[in-house]
Undergrad: 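Shown below is the structure under consideration.
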Amino acid sequence: MSRILFTVPPLTGHLNPALAVAQALADLGHTVAWAVHARQLGDKLPPRARVYPLDFGDDGALDIAAPAVRGLESVRLFFEDYTMPMAARVLQPLEAIARDFCPELMVVDHQMPAGALVARKLGLPWASLVTTSASIQKMSPTLDAWVAEQYMGLQRGYLPPELIVERPDFSPHRVIVFSIEALIGSAHARVEAPYAFVGPARGHGRRQVDFPWDWLRPDRRKLLVSLGTVSRDRDTRFFEVIMAALAGMPEVQAVLVAPAQLVAQAPDNVLVRDYVPQLELLDRVDAVICHAGHNTVCEALSRGLPLIVAPIRDDQPVIARQVIDAGAALFMRHGKVTPAAARSAIETLLGTPALADRAQALGQTLREAPGAAGAAALIASLAAPALPRQRVA
């Protein structure tokens, strides 16, 4: 059995698939450790997890500020203001952790490039986890060249010249994508890498959350409305519009994953919770309204649920376009939608069999994908002899 070190950024949407894979590896008898920002992710890890914190002083982790820009410019700002500064800060501590734990291989989220550089420097096999299919697509020649130059700068300060490559974030051994090719399509060029499309990780390992299940009525159509773990803190207008739309639709119940301050404004057919057992809820609803976050889209489709997608920034417009092109979703303008437009979209969503049929077809493919178990098998096959035990000062 192998010793495996996981490292992910302090973002719940990136942690959840990694948790599922780590649990599958642990079930196979492998020893798993985590190098993470424990102050932000510690309560989401299994109770007895072996955790090496990447929190150092007051600047161990960076906050994400929702940018005022959208589209590709928001991708650039996220990379420039979050991904790269975090990578520079944790490179040396992460190397010390790897030398202390002595893994036989590493599992590295693609937005945690420090882990990729540490694995490369120490000669460890490693697998990349890609939580969004947008990340494997080439964006624009200008932005792609800019990203490559940022990676070059990060590597020059840490790796010897012979180990520097254009895209160090993607493993040369295996890049595991939590999606399916039927959803991604072939309209856009991809970054060259050894991809394995495993579909959604199906969420094993997530913490348990209490929920008032008896609130859901069997005689109502049901919606889950969520803007994910980052976007939902942007503002409350979108949720207020959705609640106003639903107030005139007593035949529909909706669960809103939204700030608790909105509870007092919610009509009788809307339940506001700041955290929900999403996977279990998806088994009990008829459709989903979301920000086109990749995890939520794949988890909804895997249950055959059609969607309304209201992308805000980062990879969300790309994912939204993919699922709309695949025939399983409607578009909604996050910042411009009115209650009347929202009500019309919800009626169309729940009343268009073609959307549900296409979601069911994609869901069949997603359910047949190997998921976390398949990802775990691919990762375990990469194991190499462990590093000699040593510590870095």
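Throughout, numbering of the chain's residues begins at 1 and tracks the sequence. These numbers come from a predicted model, not from an experiment.
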Undergrad: Heavy-atom distance under 4.5 Å between the side chains of Thr132 and Phe178, does that happen here?
TA: no
Undergrad: Would you kindly say whether Tyr158 and Glu95 are connected by a side-chain donor-acceptor distance under 3.5 Å?
TA: yes
Undergrad: Are Pro311 and His291 close enough that some pair of their side-chain heavy atoms sits under 4.5 Å apart?
TA: no
Undergrad: Could you list the residues that satisfy salt bridge (Lys or Arg N to Asp or Glu O under 4.0 Å) with Arg217, not counting sequence neighbours?
TA: Asp219
Undergrad: Using modelled atom types and a 3.5 Å cut-off, is there a donor and acceptor pairing between side-chain atoms of Asp274 and backbone atoms of Pro259?
TA: no
Undergrad: Take Val257 and Arg273, measure what side chain to side chain contact (heavy atoms under 4.5 Å, CB included) needs, and give me the verdict at the end.
TA: CA-CA 5 Å; Val257 188; Arg273 307 281 285 192; over 6 Å; no
Undergrad: Measure the spacing between OG1 of Thr83 and CG of Asp169 and express it to the nearest 0.5 Å.
TA: 9.5 Å
Undergrad: Please round to the nearest 0.5 Å and tell me the distance separating atom CG of Asp286 and atom CZ of Arg221.
TA: 4.5 Å
Undergrad: Side-chain contact, heavy-atom cut-off 4.5 Å: Leu227 with Cys290?
TA: no
Undergrad: Quick check: does any side chain N or O of Asp315 sit under 3.5 Å from a backbone N or O of His294, one acting as donor and the other as acceptor?
TA: no
Undergrad: If every non-hydrogen atom of Pro103 is compared with every non-hydrogen atom of Ala98, which pair is closest and at what distance?
TA: CD-O, 3.1 Å
Undergrad: How close do Leu122 and Arg99 get, heavy atom to heavy atom, and via which atoms?
TA: CD2-NH2, 3.1 Å
Undergrad: In the structure I gave you, are the side-chain heavy atoms of Ile242 and Val337 within less than 4.5 Å of one another anywhere?
TA: no
Undergrad: Could you verify whether a donor N or O on one side chain and an acceptor N or O on the other, from Ser135 and His110, lie under 3.5 Å apart?
TA: yes
Undergrad: Salt-bridge test for Arg156 and Glu149: reply yes if a basic N is under 4.0 Å from a carboxylate O, no otherwise.
TA: yes
Undergrad: Indicate yes or no for a side-chain donor-acceptor contact from Ser344 to the backbone of Ala340 under 3.5 Å, with no hydrogens or angles considered.
TA: no
Undergrad: Hydrophobic clustering (ILVMFWY, side-chain heavy atoms < 4.5 Å, transitive) - are Met106 and Met1 grouped together?
TA: no
Undergrad: Examine distances only and state if a side-chain atom of Gln23 and a backbone atom of Leu19 form a donor-acceptor pair shorter than 3.5 Å.
TA: no
Undergrad: Minimum heavy-atom separation for Leu282 to Ala300, with atom names?
TA: CD1-N, 4.0 Å
Undergrad: Checking side chain to side chain contact (heavy atoms under 4.5 Å, CB included) against Leu362, which of Arg358, Gln364, Gln360 comes through?
TA: Arg358
Undergrad: Is Leu216 close to Arg284 at the side-chain level, that is, under 4.5 Å between some pair of heavy atoms?
TA: yes
Undergrad: Can you confirm whether Ile324 sits close enough to Leu330 that some side-chain heavy atom of one is under 4.5 Å from a side-chain heavy atom of the other?
TA: no
Undergrad: Kindly give the heavy-atom pair with the smallest separation between Met332 and Phe238, and that separation in Å.
TA: SD-CE1, 3.7 Å
Undergrad: Once rounded to the nearest 0.5 Å, what's the spacing between atom CG of Asp109 and atom CG of Leu15?
TA: 9.5 Å
Undergrad: With rounding to the nearest 0.5 angstrom, report the CD to OG1 distance, Gln261 to Thr236.
TA: 5.5 Å
Undergrad: Determine, stepwise, if the pair Val288 / Val225 fulfils side chain to side chain contact (heavy atoms under 4.5 Å, CB included).
TA: CA-CA 6 Å; Val288 173; Val225 183; over 6 Å; no
Undergrad: Spell out, as yes or no, whether a donor-acceptor pair under 3.5 Å connects the side chain of Ser2 to the backbone of Ile4.
TA: no
Undergrad: Can any side-chain N or O of Thr296 pair as donor or acceptor with the backbone N or O of Gly293 at less than 3.5 Å?
TA: no
Undergrad: Does the side chain of Thr7 come within less than 4.5 Å of Leu54's, by heavy atoms?
TA: yes
Undergrad: Please determine, by modelled atom types, if Asp55 and His37 share a side-chain donor-acceptor pair under 3.5 angstrom.
TA: no
Undergrad: Test of understanding: with ring pair (Phe, Tyr, Trp, His ring centres under 6.0 Å), list the residues that count as partners of Phe331, not counting sequence neighbours.
TA: none
Undergrad: Where the side chain of Thr352 meets the backbone of Leu355, is there a donor-acceptor pair that is under 3.5 Å apart?
TA: no
Undergrad: Do the side chains of Val191 and Ile136 get nearer than 4.5 Å, heavy atoms only?
TA: no
Undergrad: Below 4.0 angstrom, N of the basic side chain to O of the carboxylate: do Glu162 and Arg120 qualify?
TA: no
Undergrad: Got more than 12 heavy atoms from elsewhere within 6.0 Å of CD, Glu192?
TA: no
Undergrad: State yes or no: do Leu262 and Leu256 share one hydrophobic cluster built from I, L, V, M, F, W and Y residues joined by side-chain heavy-atom distances below 4.5 Å, directly or via other members?
TA: yes
Undergrad: Run the side chain to side chain contact (heavy atoms under 4.5 Å, CB included) test on Phe211 and Leu271 for me, step by step, so that the C-alpha distance in whole Å, both residues' side-chain angles and the decisive distance to 0.1 Å come before the verdict.
TA: CA-CA 11 Å; Phe211 188 82; Leu271 178 67; 3.6 Å; yes
Undergrad: Applying salt bridge (Lys or Arg N to Asp or Glu O under 4.0 Å), can you list everything that pairs with Asp27, at least two apart in sequence or on another chain?
TA: none
Undergrad: Can you name the residues that form a side chain to side chain contact (heavy atoms under 4.5 Å, CB included) with Ala18, not counting sequence neighbours?
TA: Phe6, Val8, Trp34, Leu129
Undergrad: How long is the straight-line distance from CD1 of Ile289 back to NE2 of His334, given to the nearest 0.5 Å?
TA: 12.0 Å
Undergrad: Indicate, with yes or no, if Met84 and Val165 share a hydrophobic cluster defined by side-chain heavy-atom contacts under 4.5 Å among Ile, Leu, Val, Met, Phe, Trp and Tyr.
TA: no
Undergrad: Walk me through whether Leu223 and Leu350 qualify under side chain to side chain contact (heavy atoms under 4.5 Å, CB included).
TA: CA-CA 9 Å; Leu223 294 172; Leu350 295 175; 4.1 Å; yes
Undergrad: Taking atom CZ of Arg190 as the centre, does the number of heavy atoms from other residues, nucleotides or ligands within less than 6.0 Å exceed 12?
TA: yes
Undergrad: Quick one: side chain to side chain contact (heavy atoms under 4.5 Å, CB included) partners of Ala33, sequence neighbours excluded?
TA: Leu5, Arg50, Tyr52, Phe101
Undergrad: Quick one: do Leu28 and Ile379 end up in the same hydrophobic cluster if we chain Ile, Leu, Val, Met, Phe, Trp and Tyr together by side-chain heavy atoms under 4.5 Å apart?
TA: no
Undergrad: As an exercise, state the distance from OH of Tyr195 to OG of Ser179, rounded to the nearest 0.5 Å.
TA: 12.0 Å
Undergrad: Give a yes or no answer on whether the side chain of Ser171 reaches the backbone of His173 with a donor-acceptor pair at less than 3.5 Å.
TA: yes
Undergrad: Look at the side-chain heavy atoms of Ile, Leu, Val, Met, Phe, Trp and Tyr, link any pair under 4.5 Å apart, and say whether Val147 and Met152 land in one connected group.
TA: yes
Undergrad: Show me the donor-acceptor pairs within less than 3.5 Å that the side chains of residues 301-310 make with the rest of the protein, sequence neighbours left out.
TA:
| unit_1 | atom_1 | unit_2 | atom_2 | d |
| --- | --- | --- | --- | --- |
| Ser302 | OG | Cys298 | O | 3.4 |
| Ser302 | OG | Glu299 | O | 2.8 |
| Arg303 | NE | Asp283 | OD1 | 2.8 |
| Arg303 | NH1 | Glu299 | O | 3.0 |

Undergrad: Near Glu166 CD, under 6.0 Å, is it more than 12 heavy atoms from other residues, nucleotides or ligands?
TA: no
Undergrad: Minimum heavy-atom separation for Ala114 and Leu94, please, with both atom names.
TA: C-CD2, 3.8 Å
Undergrad: Between the side chains of Lys138 and Asp144, is the shortest nitrogen-to-carboxylate-oxygen separation below 4.0 Å, so that they form an ion pair?
TA: no
Undergrad: Which atom names give the shortest non-hydrogen contact between Val270 and Ala266, and what distance separates them?
TA: O-CB, 3.7 Å
